[in-house]
Amino acid sequence: MQRTILVTGGAGYIGSHTCLELLAAGHDVVILDNFANSSPRAVEAIQHISGRSVEVAQVDVGERRAVDEVFRRYGIDAVVHFAAHKAVGESVSQPLRYYSNNVGGLMALVEVMEANDVRQIVFSSSCTVYGEPSRVPITESFPLGAHSPYGRTKLMCEDILRDVARARSDWRVSLLRYFNPAGAHSSGDLGEDPRGIPNNLMPYLMQVAVGRRERLSVFGNDYPTRDGTCVRDYIHVVDLAVGHLAALDELLAEGPGCRAFNLGTGTGTTVLEMVAAAALAVGRPIPYVIEDRRPGDVAAVWADPTLAMGTLGWKATRTIDDMCLDHWRWQSRHPFGFGDEEPAGS
Ligand code: UFG
């Protein structure tokens, strides 16, 4: 059944890919984005690729009155909430900014939803809510406890939504805990466009490959893993986007409540394996140097995605090679992302 879905942060990396899946499934999409860390060109790409138009509200999710207007104007049925800051290091130096934007933003959104009798939300969470897991793979029943202000904002948002769903039995909440998103849309015209120096492995690797950076720093090769570098569960952003659609379908079809799901592949890949896969996709070696460990990194993290498979009928199907090929197609067609030239200070 066709619905009108509000996607906050819909111009961002995961948000934009999710918009495409929602449109392909026949839903109408309203994007709410302040474009603080995203580009209106992502919206153009969504419309171009899907052949459909989307409504856009350039609004900060914390602006209650403006968000309320969006709900009234478009008759929103359900929300997929991405809009948030997401850099772990930055959250350590600017904690108030993170609490205010991420937790304050969710509070404002939920209050507006309540006032408009819209009680169906898919929330963008992270495997960071598991902190330093005692073992792998991680299931949803592992103890929760984040280690950075960013992580704590995700955990607080989960707690708020859990409490809201407990207090009113008609709330339907899906908490999606992502592992490590990578890749891009297969068209090569929609992908990740980080501002400044990328924090994450894949965008950094690809900026080295395209010549924007000299070499990758591999943070530590003395971890207790098969090649000494950290293991992560990289998941193709399109698989992740399809996971949101599956969660939304299930949420709309099933009864009320609040549930959390891991969105990962169940397979771990080391940093050096990722470098090798990227080199294969790019067709030449990618220069790297081994450096000290990055503070806060955990040796190995990967998901047990069984619950999402069983309950949502969702499974990641794309491989590490697919992620590298698609990410490279995007990066090589758009060396500077959605901009036309090298951004100042990058
Ligand atoms: N890495 C490098 N060099 C780089 C960047 C990363 O060697 O330039 C390594 C990291 O040390 C780590 C791996 O690549 O071993 C993955 O690092 P990312 O920064 O890409 O991803 P993380 O697993 O550290 O972080 C991700 C999300 C966060 C989230 C965290 C929770 O990006 O939002 O998982 O575990 F908080």
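Read the numbers this way: they start at 1 and go in the same order the structure lists the ligands and their atoms.
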- Query: For atom 17 (O) of ligand 1, which candidate among R294, K154, E291, R232 provides the closest heavy atom?
  - Reply: R294
- Message: Starting from atom 22 (P) of ligand 1, what is the nearest protein heavy atom, named by residue and atom, and what distance separates them?
- Response: N180 ND2, 3.6 Å
- Item | Identity and distance of the protein heavy atom lying nearest atom 28 (C) of ligand 1 | V88 CG2, 4.1 Å
- Nearest neighbour in protein (non-hydrogen) for atom 3 (N) of ligand 1: S217 O, 2.7 Å
- Item | Contact (N/O only, under 3.5 Å) between Y204 and ligand 1 | no
- Message: Are the side chains of V30 and T4 in contact, using a 4.5 Å heavy-atom criterion?
- Response: yes
- Whether R329 side chain and S186 backbone form a donor-acceptor pair below 3.5 Å: yes
- Among all protein non-hydrogen atoms, which one is nearest to atom 35 (O) of ligand 1, and what is the separation to 0.1 Å? C127 SG, 3.8 Å
- Message: Is it the case that atom OH in Y288 sees more than 12 heavy atoms from other parts of the structure closer than 6.0 Å?
- Response: no
- Task: Please identify which atoms of ligand 1 are closer than 4.0 Å to at least one heavy atom of N199.
- Result: 5 (C), 19 (O)
- Query: Touching ligand 1 at all, V301? Heavy atoms, strictly under 4.0 Å?
  - Reply: no
- Item | atom 12 (C) of ligand 1 [closest protein heavy-atom partner, distance rounded to 0.1 Å] | D297 OD2, 3.9 Å
- Classify the side-chain pair S124/Y178 by whether it contains a donor and acceptor separated by less than 3.5 Å. yes
Scan the side chains in residues 19-28 for donor-acceptor partners under 3.5 Å anywhere in the protein, sequence neighbours excluded, and list what turns up.
unit_1	atom_1	unit_2	atom_2	d
H27	ND1	R3	N	3.1
D28	OD1	R52	NH2	2.7
D28	OD2	Q2	NE2	2.8

- Message: Can you check which of L205, L201, V275, T225 brings a heavy atom nearest to atom 20 (O) of ligand 1?
- Response: L201
- Query: Looking only at heavy atoms of G151, does any of them come nearer than 4.0 Å to an atom of ligand 1?
  - Reply: no
- Message: Taking the side chain as everything from C-beta on, heavy atoms only, tell me whether T8 gets closer than 4.5 Å to V80.
- Response: no
- Task: Using distance alone, decide if ligand 1 has a nitrogen or oxygen within less than 3.5 Å of any nitrogen or oxygen in M202.
- Result: no
- Looking only at N/O atoms, are S126 and ligand 1 under 3.5 Å apart anywhere? no
- Query: Which of these, Y288, F179, Y234, has its nearest heavy atom closest to atom 13 (C) of ligand 1?
  - Reply: Y234
- Report, in ascending order of atom number, the atoms of ligand 1 lying under 4.0 Å from any heavy atom of Y150. 33 (O), 36 (F)
- Look at the side chain of R172 and the backbone N and O of E254, then say whether any donor-acceptor pair between them is shorter than 3.5 Å. yes
- H244 ring center within less than 6.0 Å of F82 ring center: yes
Under 3.5 Å, which donor-acceptor pairs link side chains of residues 290-305 to any protein atom two or more places apart or in another chain?
unit_1	atom_1	unit_2	atom_2	d
E291	OE2	S217	OG	3.2
R293	NE	D222	OD1	2.9
R293	NH2	D222	O	3.0
R294	NE	D297	OD1	3.3
R294	NE	D297	OD2	3.2
R294	NH1	N199	O	3.2
R294	NH2	D297	OD1	3.2
D304	OD1	T306	N	2.9
D304	OD1	T306	OG1	2.3

- Which atoms of ligand 1 have any heavy atom of V218 under 4.0 Å away? 7 (O)
- Could you list the atoms of ligand 1 found under 4.0 angstrom from a heavy atom of L216? 3 (N), 4 (C), 8 (O)
- Task: With the side chain counted from C-beta on, respond yes when K86 and Y150 share a heavy-atom pair under 4.5 Å apart, and no when they do not.
- Result: yes
- Message: Quick check: do F35 and P40 have side-chain heavy atoms less than 4.5 Å from each other?
- Response: yes
- Message: Starting from atom 27 (C) of ligand 1, what is the nearest protein heavy atom, named by residue and atom, and what distance separates them?
- Response: N200 ND2, 4.2 Å
- Among all protein heavy atoms, pick the one closest to atom 1 (N) of ligand 1 and tell me residue, atom and distance. F219 CD1, 3.7 Å
- Note on the structure: Atoms of ligand 1 under 4.0 Å from any heavy atom of V271, numbered from 1 in the order shown, are 7 (O), 9 (C), 13 (C), 14 (O), 15 (O)
- Return a yes/no value for T128: is any of its N or O atoms, backbone included, closer than 3.5 angstrom to an N or O of ligand 1? no
- Message: Is it the case that over 12 heavy atoms from other parts of the model lie below 6.0 angstrom from the CE atom of M156?
- Response: yes
- Atom CZ of R168: over 12 foreign heavy atoms under 6.0 Å: yes
- Task: Identify the protein heavy atom lying closest to atom 15 (O) of ligand 1, giving its residue, its atom name and the separation to 0.1 Å.
- Result: C230 CB, 2.9 Å
